[in-house]
Amino acid sequence: FKVSPNLKHVKQPNSVHFDPDMTIGEVITRVLEVDESLIEVYKMLLRQANAEELKDALEDLIREEQREEIRLMACERD
């Protein structure tokens, strides 16, 4: 990486709280928030990556998280 990425603005998974009385919709919403944060981290790293192999891996991770979001949203509708 050209510089160390600044991750202070990224929502950390340990900052997301789950309660036992949450609905499935509320849980999915929280999980989607974490997924979005991961996507933002991967995009930030992708912009700074030098190696093509690393860029390819980050692009794969972004696509995987986006597929997971779609799957979760489908579960929420069921």
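The basis for the numbers below is simple: all heavy atoms, side chains too, and nothing from hydrogens, waters or symmetry mates.
- The salt bridge (charged side-chain N to carboxylate O under 4.0 Å, His left out) test applied to Asp60 returns Arg63, not counting sequence neighbours.
- Contacts of Asp35 classified as side chain to side chain donor-acceptor pair (under 3.5 Å), with partners at least two apart in sequence or in another chain: none.
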Worked verdict on Glu36 versus Glu33 for side-chain contact (heavy atoms from CB on, under 4.5 Å): CA-CA 5 Å; Glu36 273 303 310; Glu33 290 172 5; 5.8 Å; no

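- The side-chain contact (heavy atoms from CB on, under 4.5 Å) test with Lys43 is passed by exactly one of Leu38, Ile62, Leu58: Ile62.
- For the salt bridge (charged side-chain N to carboxylate O under 4.0 Å, His left out) test, residues two or more places apart in sequence or in another chain that qualify with Glu52 are Lys55.
- Residues passing the side-chain contact (heavy atoms from CB on, under 4.5 Å) test with Ile28 are Ile24, Leu32, Leu72, Cys75, Glu76, sequence neighbours excluded.
- With sequence neighbours left out, Glu40 forms a side chain to side chain donor-acceptor pair (under 3.5 Å) with no residue at all.
- The side chain to side chain donor-acceptor pair (under 3.5 Å) check on Glu59 picks up nothing, with sequence neighbours excluded.
- Leu61 contributes atom CG, which lies 10.0 Å from atom CG of Leu46 (distance to the nearest 0.5 angstrom).
- Qualifying side-chain contact (heavy atoms from CB on, under 4.5 Å) partners for Asp19, counting only residues two or more places apart in sequence or in other chains: Asp21, Met22.
- For Glu68, the salt bridge (charged side-chain N to carboxylate O under 4.0 Å, His left out) test picks out Arg71, with sequence neighbours left out.
- Glu64 CD to Arg67 CZ: the interatomic distance, rounded to the nearest 0.5 Å, is 4.5 Å.
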